[in-house]
Asker: 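Handing you this structure, nothing more for now.
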Amino acid sequence: IRSLQSLTMPETVTEIESSAFSDCASLETIKFSSNIEIIGSFAFNGCSELKSVTLPSSLRQIRDCAFQGCDNMGYMICYATTPPDLADPENPDWSGLDNLRPEEIMILVPSSSVQAYKSATHWNKFADVIYALEDRLLFYTTTDGNVIMPESTIKYYIVSNTYDSDGGVMLLDASLTSLD
């Protein structure tokens, strides 16, 4: 399934098994089930075109190296208020986010959970790039399915701009101080 570009999981899916989408080098977008609880070891290993993931509030565990080789991942949104467990029970030094580099990723979490993520085991490696979700995103939708592209100077602050049939998410650079 190397040519798989987009993935939408049915709501019945609660666990992604180990290596399930490993080496899907063309995978760009994933829409997770809102019932996902576990992402298995190496589940998205080698998905080099994956630029971002949005993880549901139901997520409890990301097993070792789940996103290894996702070298273009720029941001991760995690709606879970309790930081998902990243530790591998057999190898406690291994993490579900192994090989993601703090200098190349931004992690967005609910504002009430920022400190919990920053101090949680393995998440603390990313403490300097964990931010409150509410402070960094501009959500938008249109009735006709078109993407709203902001005018004025805001367009220079857009880090990511995605849209699908459920709505859109625009990620803004931290240096933006006002919206016209």
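The structure displayed is predicted, hence computed values, not measured ones.
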Asker: Measuring from Lys125:NZ to Leu97:CG, what's the distance to the nearest 0.5 Å?
Answerer: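 Reported to 0.5 Å precision, the distance equals 8.0 Å.
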Asker: Any side-chain heavy atom of Asp98 within less than 4.5 Å of one from Leu86?
Answerer: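 No, every pair of side-chain atoms sits at 4.5 Å or beyond.
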Asker: Can you check whether Met76 reaches Ser52 side chain to side chain, under 4.5 Å on heavy atoms?
Answerer: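 With C-beta onward as the side chain, the pair stays apart.
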Asker: Any heavy-atom pair between the side chains of Val114 and Tyr131 that's under 4.5 Å?
Answerer: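 A side-chain contact under 4.5 Å is absent here.
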Asker: Do side-chain atoms of Ser57 reach the backbone of Ala80 as a donor and acceptor pair under 3.5 angstrom?
Answerer: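 The answer is no, because no donor-acceptor pair under 3.5 Å joins these two groups.
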Asker: So, for Val129 and Pro102, which heavy atoms are closest and what is the spacing to 0.1 Å?
Answerer: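 Closest approach of Val129 to Pro102: CG1-O, 3.3 Å.
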Asker: Tell me every residue that passes side-chain contact (heavy atoms from CB on, under 4.5 Å) with Pro56, counting only those two or more places apart in sequence or in another chain.
Answerer: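 Checked Pro56 against side-chain contact (heavy atoms from CB on, under 4.5 Å); matches are Phe32, Ile36, Ser58.
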Asker: Measure the CG-CG distance between Leu27 and Leu4 for me, rounded to the nearest 0.5 Å.
Answerer: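 Those atoms lie 5.0 Å apart.
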Asker: Closest approach of Pro110 and Leu133, non-hydrogen atoms and distance?
Answerer: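 Distance-wise, the nearest heavy atoms are N-CB, 4.3 Å.
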Asker: Would a 4.5 Å heavy-atom cut-off, applied to side chains only, mark Leu7 and Phe21 as touching?
Answerer: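 Answer yes - side chains close enough.
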Asker: Side chains of Phe44 and Val53: does their closest heavy-atom pair fall under 4.5 Å?
Answerer: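 No, too far: nothing below the 4.5 Å cut-off.
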Asker: Determine whether Cys78 and Pro84 make a side-chain contact, defined as any pair of heavy atoms from C-beta on separated by less than 4.5 Å.
Answerer: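 Heavy-atom side-chain distance check passes, below 4.5 Å.
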Asker: For the residue pair Asn124 and Ser119, establish whether any side-chain heavy-atom pair is separated by less than 4.5 Å.
Answerer: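 Asn124 does not reach Ser119 side chain to side chain.
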Asker: Could you grab the distance from atom SG of Cys24 to atom CD1 of Ile30, nearest 0.5 Å is fine?
Answerer: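 These two atoms lie 9.0 Å from each other.
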Asker: Check whether any side-chain N or O of Asp23 sits under 3.5 Å from a backbone N or O of Gly46 as a donor-acceptor pair, and report yes or no.
Answerer: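 Looks like no, no N/O pair under 3.5 Å.
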Asker: In Å, rounded to the nearest 0.5 Å, how long is the span from OG1 of Thr81 to CG of Leu59?
Answerer: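 One finds 11.5 Å between OG1 of Thr81 and CG of Leu59.
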Asker: Without hydrogens or angle criteria, can the side chains of Thr29 and Ser6 be said to hold a donor-acceptor pair below 3.5 Å?
Answerer: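 The answer is yes; a qualifying pair exists.
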Asker: Return a table of donor-acceptor pairs under 3.5 angstrom between the side chains of residues 63-71 and protein atoms on other chains or two or more places apart.
Answerer:
{"from": "Arg63", "atom 1": "NE", "to": "Gln61", "atom 2": "OE1", "distance (Å)": "3.0"}
{"from": "Arg63", "atom 1": "NH2", "to": "Gln61", "atom 2": "OE1", "distance (Å)": "3.2"}
{"from": "Asp64", "atom 1": "OD1", "to": "Ser41", "atom 2": "OG", "distance (Å)": "2.5"}

Asker: I need the full list of ring-ring contact (aromatic ring centres under 6.0 Å, His included) pairs touching residues 89-118, with sequence neighbours left out, sorted by first then second residue.
Answerer: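 Qualifying pairs, neighbours excluded: Tyr117-Trp123.
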Asker: What pairs with Glu28 under salt bridge (Lys or Arg N to Asp or Glu O under 4.0 Å), at least two apart in sequence or on another chain?
Answerer: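 Applying salt bridge (Lys or Arg N to Asp or Glu O under 4.0 Å) to Glu28 gives none.
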Asker: Which atoms form the tightest heavy-atom contact between Pro10 and Ser33, and what is the distance?
Answerer: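 Where Pro10 meets Ser33 most closely, the heavy atoms are O-CB, 3.2 Å.
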Asker: Just wondering, do Met73 and Leu100 contact through their side chains at under 4.5 Å, heavy atoms?
Answerer: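 Side-chain contact under 4.5 Å: yes.
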Asker: I would like to know whether Ile130 and Val109 meet side chain to side chain contact (heavy atoms under 4.5 Å, CB included); could you show each step before the answer?
Answerer: CA-CA 7 Å; Ile130 293 175; Val109 301; 3.9 Å; yes
Asker: Looking at residues at least two apart in the chain, or sitting in another chain, which of them share a salt bridge (Lys or Arg N to Asp or Glu O under 4.0 Å) with Glu17?
Answerer: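 Salt bridge (Lys or Arg N to Asp or Glu O under 4.0 Å) list for Glu17, sorted by chain: empty.
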Asker: What heavy-atom pair brings Ala20 and Ile16 nearest, and what distance separates the two atoms?
Answerer: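 Taking Ala20 first and Ile16 second, the nearest heavy atoms are CB-CG2, 3.7 Å.
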Asker: Scan for salt bridge (charged side-chain N to carboxylate O under 4.0 Å, His left out) pairs involving residues 36-50, sequence neighbours excluded, and state none if there are none.
Answerer: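 The answer is Glu37-Arg60, Glu49-Lys51.
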